[in-house]
Amino acid sequence: MEEKYDMPMGLSFQLGLNEKALSVYAQMSETEQRQVVEAARNVRSKAEMQQLVSSLEHNFS
């Protein structure tokens with residue numbers, strides 16, 4: 001059975017607040033999504049998480 005990865009709560013919350021970034025995330029490949037999740041696991045503040053999510057909107061759209 002393939003192991004599923006858990007999205008950090010902060011990432012989920014910030015994506016919920018940023019519709020454009022959520023749309024970009026939803027269109028990413030599974031590999032790209034995993035990379036975002038792994039990056040989110042290394043975030044240590046709310047501001048860093050907001051910046052990560054904002055970068056999705058600007059770098060992938």
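Values below: every heavy atom of this structure, side chains too, minus hydrogens, waters and symmetry copies. Model, not experiment: these values are computed from the prediction.
- We find that Glu38 and Arg34 are not joined by a salt bridge, their nearest charged nitrogen and carboxylate oxygen being 4.0 Å or further apart.
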For the pair Glu48 and Leu52, evaluate side-chain contact (heavy atoms from CB on, under 4.5 Å) and give the outcome as yes or no after the intermediate values. CA-CA 6 Å; Glu48 284 182 50; Leu52 174 65; over 6 Å; no
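- We find the OG-CG distance between Ser54 and Leu17 to be 12.5 Å, quoted to the nearest 0.5 Å.
- Inter-residue side-chain proximity for Ser23 and Glu19 is flagged as unmet; no heavy-atom pair is nearer than 4.5 Å.
- Cluster membership check: Met28 shares its hydrophobic cluster with Leu22, using side-chain heavy-atom separations under 4.5 Å among Ile, Leu, Val, Met, Phe, Trp and Tyr.
- Summarising the geometry of Glu57 relative to Asn18, their closest heavy-atom pair is OE1-ND2, 2.8 Å, with the distance given to 0.1 Å.
- Counting heavy atoms from C-beta outward, Gln33 and Val37 have side chains that stay 4.5 Å or more apart.
- For Met49 against Ala40, the heavy-atom pair with the smallest separation is CE-O, 3.7 Å.
- Note that the CD atom of Gln14 and the CD atom of Gln51 stand 11.5 Å from one another [nearest 0.5 Å].
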